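Since the model is a prediction, treat every value here as computed from it, not as a measurement.
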Amino acid sequence: MALPQVKQSALEARLEGLSLPQTGAWLGMAQSDALTRLNAMGLPAPRDEYWRFTNPTSLTAPVPTPAALFSPQDEAPMFDALDRLKLVFVDGVFDADASDEIALEGLEIERLAEAGQADIHWAKDIYGKLEERGQDPVQRPLATLNTAFATDGVLIRATGKVSKPVQLVYLHQDENSDAILHHVIRVEEGAELTILENGPAAARFNKVMEVDVADRAEFHHVRTQGRDHERRAATHIFARLGAESLFKSFTMTANGVMTRNEVVIELTGDNANAHVAGACMGDGDFHHDDTVFITHDAVNCESRQVFKKVLRNGATGVFQGKILVQPGAQKTDGYQISQSLLLDENAQFLAKPELEIYADDVACSHGSTSGAIDETALFYLQSRGIPHAEATDLLTLAFLAEAIEEISSEEIADDIRDRLEAWLLRRRG
Amino acid sequence: MLEIKNLHVKLEEEDKAILKGLDLTVEAGKVHAIMGPNGSGKSTLSYVLSGKDGYEVTDGSAELLGEDLLELEPEERAAAGLFLAFQYPVEIPGVGNMTFLRTAVNAQRKARGEEELSAADFLKIIRAKAKSLKIDADMLKRPVNTGFSGGEKKRNEILQMAMLEPKMCILDETDSGLDVDAMKLVAEGVNALRDEGRGFLVITHYQRLLDHIKPDVVHILADGKIVKTGGPELALEVENNGYADILAEVA
């Protein structure tokens with residue numbers, strides 16, 4: 001089917017400034033293939049069903065809207081207190097000097113561009129492959145664009161229980177930067193890996209992370225999208241889960257005029273377990289979209305989606321979450337909750353929860369709520385001497401708690417709570 | 001301590017008068033009890049004094065140690081020394097009991113210009129006080145009142161009172177939902193706090209709580225006014241004869 005003219009021209013305009021993929025090595029081939037797929041689908045447009053609540057224009061425009069640099073002088077860098085291995089990217093380019101030396105047992109890390117020239121590479125079976133699997137039944141062209149044009153990223157392979165988290169830090173130093181990063185992660189059978197991500201990355205950030213979790217492996221992911229308000233981001237995680245594996249991803253977002261976080265998970269091995277959670281706090285022209293698609297394609301798997309949004313003063317929160325249970329995926333346990341706390345009447349929350357079930361022995365539940373702060377609880381706290389603003393913050397943190405509890409590591413969860421508290425405290429002034 | 005004069009209160013939404021000229025003075029070191037039939041305005045009194053939304057004071061005054069309570073925000077009233085033990089303590093999922101108590105204690109200290117308690121000092125104090133109320137470490141860790149039994153909730157109220165050391169304590173039907181043993185425990189907690197510098201206003205339907213918390217003065221509240229005041233024997237009279245006789249007598 002030919003692409004509508006407007007999509008065709010939007011795509012051409014976007015691709016103009018990008019250098020075409022190099023053919024030859026495996027990476028070039030994967031990128032050329034992605035470009036072919038992208039040409040067939042075009043870029044998202046405001047009238048696309050999947051973009052009903054989030055206008056993609058600023059994410060697909062030929063050039064990014066400049067974003068003022070933001071330097072949080074008054075707070076320590078995120079995850080700074082944790083013992084971790086740090087990899088730094090500046091406006092989407094790996095900075096070896098600022099990064100830790102990669103020497104950790106059970107862990108291999110390579111740069112995409114270098115590894116992409118090799119004759120054979122483990123990432124060849126994952127790069128663009130999980131992304132492509134995630135295109136059905138809903139197209140995600142921004143991810144395909146990423147696969148075709150990513151210039152940097154890391155390939156991470158965990159072969160054992162990696163003793164400390166790997167942190168990907170995304171610094172933003174150029175007001176006009178347009179970064180496309182693509183990471184590939186393989187957690188081998190029985191291995192365990194934790195990835196931390198933080199930082200605004202660029203004026204416009206397109207990031208894809210493909211994660212292949214083998215049988216009995218564990219993958220933990222904790223990300224913060226912090227205070228850099230003017231940045232725009234479209235991120236995708238594509239994950240494939242083997243038998244008895246565990247996948248957990250948590251994202252905390254405060255600020256950001258445009259964030260679209262898509263998570264696409266396929267449970268392909270029996271007894272696999274996937275948890276996706278998010279906590280966000282939005283103010284003013286904040287727009288945050290969580291779009292999740294979880295496919296159960298094996299027996300006795302569990303999935304959880306827990307999303308909490310605190311919105312005020314014109315902020316918009318979006319949640320599109322789907323659980324698809326394929327024929328034969330019996331004993332599926334699917335849970336999905338999306339809730340918003342609207343601190344005033346000028347905030348909005350748009351939710352589209354979906355279940356599609358083709359097996360007869362499953363338990364799936366979903367719920368979505370929007371509400372104001374609980375006045376009875378507020379009065380109770382005030383009656384004990386806690387001032388109104390502080391009481392509101394306590395209840396805000398309480399509201400977000402269920403999402404934060406999805407983080408396995410107590411140490412990291414505490415770090416997230418402390419940061420949230422600090423942000424709330426600053427907002428109180 | 002607490003001085004209420006000619007207090008008139010109506011519900012904001014319904015334009016319905018609840019308190020119609022209530023006068024009451026509670027002296028430091030004394031325990032006053034207020035008894036009264038359903039709908040007489042007992043709970044309204046406790047809410048108006050602590051600053052809950054939804055009530056409008058149309059006349060009269062309420063002062064705590066000379067300070068106009070009605071002008072203050074709920075948290076300022078608390079910092080000024082007022083404490084209400086709720087009839088229905090509120091469940092707050094997601095806020096740890098300990099965090100809640102430490103935040104409250106330190107907010108009040110801050111408001112009074114006092115040094116905040118360190119985490120270690122706070123822990124030491126709360127452990128001792130929790131122990132005497134048979135509140136275990138688990139209850140301190142759990143979210144505020146969430147999943148607590150009726151007795152646990154009331155004990156938690158008394159623990160808050162003990163930690164905050166208010167000057168004026170209002171107990172709103174603290175006996176409701178308690179079995180005899182739980183009531184004894186709660187009463188012991190209250191009695192331990194009785195001293196010369198502290199006033200108590202105990203609101204109750206029944207005389208039985210007053211067996212354990214012995215009042216100095218008993219008031220009968222009916223139709224928004226104190227209609228009779230007496231000693232502890234007045235509570236016994238209610239217990240034996242009900243309110244009908246007293247109300248007929250004053251009518």
Under a 4.0 Å threshold between the charged nitrogen and the carboxylate oxygen, would A/Glu405 count as salt-bridged to A/Arg417? no
Do any of residues 396-404 of chain A come closer than 4.5 Å to chain B, heavy atom to heavy atom, and if so which ones, in number order? A/Ala398, A/Ala401
Passes side chain to side chain contact (heavy atoms under 4.5 Å, CB included), A/Ile237 versus A/Val276? Steps please. CA-CA 11 Å; A/Ile237 295 173; A/Val276 195; over 6 Å; no
Answer whether the closest heavy-atom distance between the side chains of B/Ser50 and B/Arg77 falls below 4.5 Å. no
Output yes when A/Arg419 and A/Asp415 qualify as a salt bridge under the 4.0 Å nitrogen-oxygen rule, no when they do not. no
Assert top hit (heavy-atom pairs under 4.5 Å, partner chain A, pool B/Val95, B/Val144, B/Thr103, B/Leu82) equals B/Thr103
Honestly, the part of B/Pro143 sitting under 4.5 Å from a heavy atom of chain A is neither
Using the benzene-type ring in the case of Trp, are the ring centres of A/Phe307 and A/Phe349 under 6.0 Å apart? no
Quick test of your reading of the model: are B/Glu56 and B/Lys10 salt-bridged, counting only N-O distances below 4.0 Å? yes
Donor-acceptor contact below 3.5 Å, side chain B/Asn106 vs main chain B/Leu117: yes
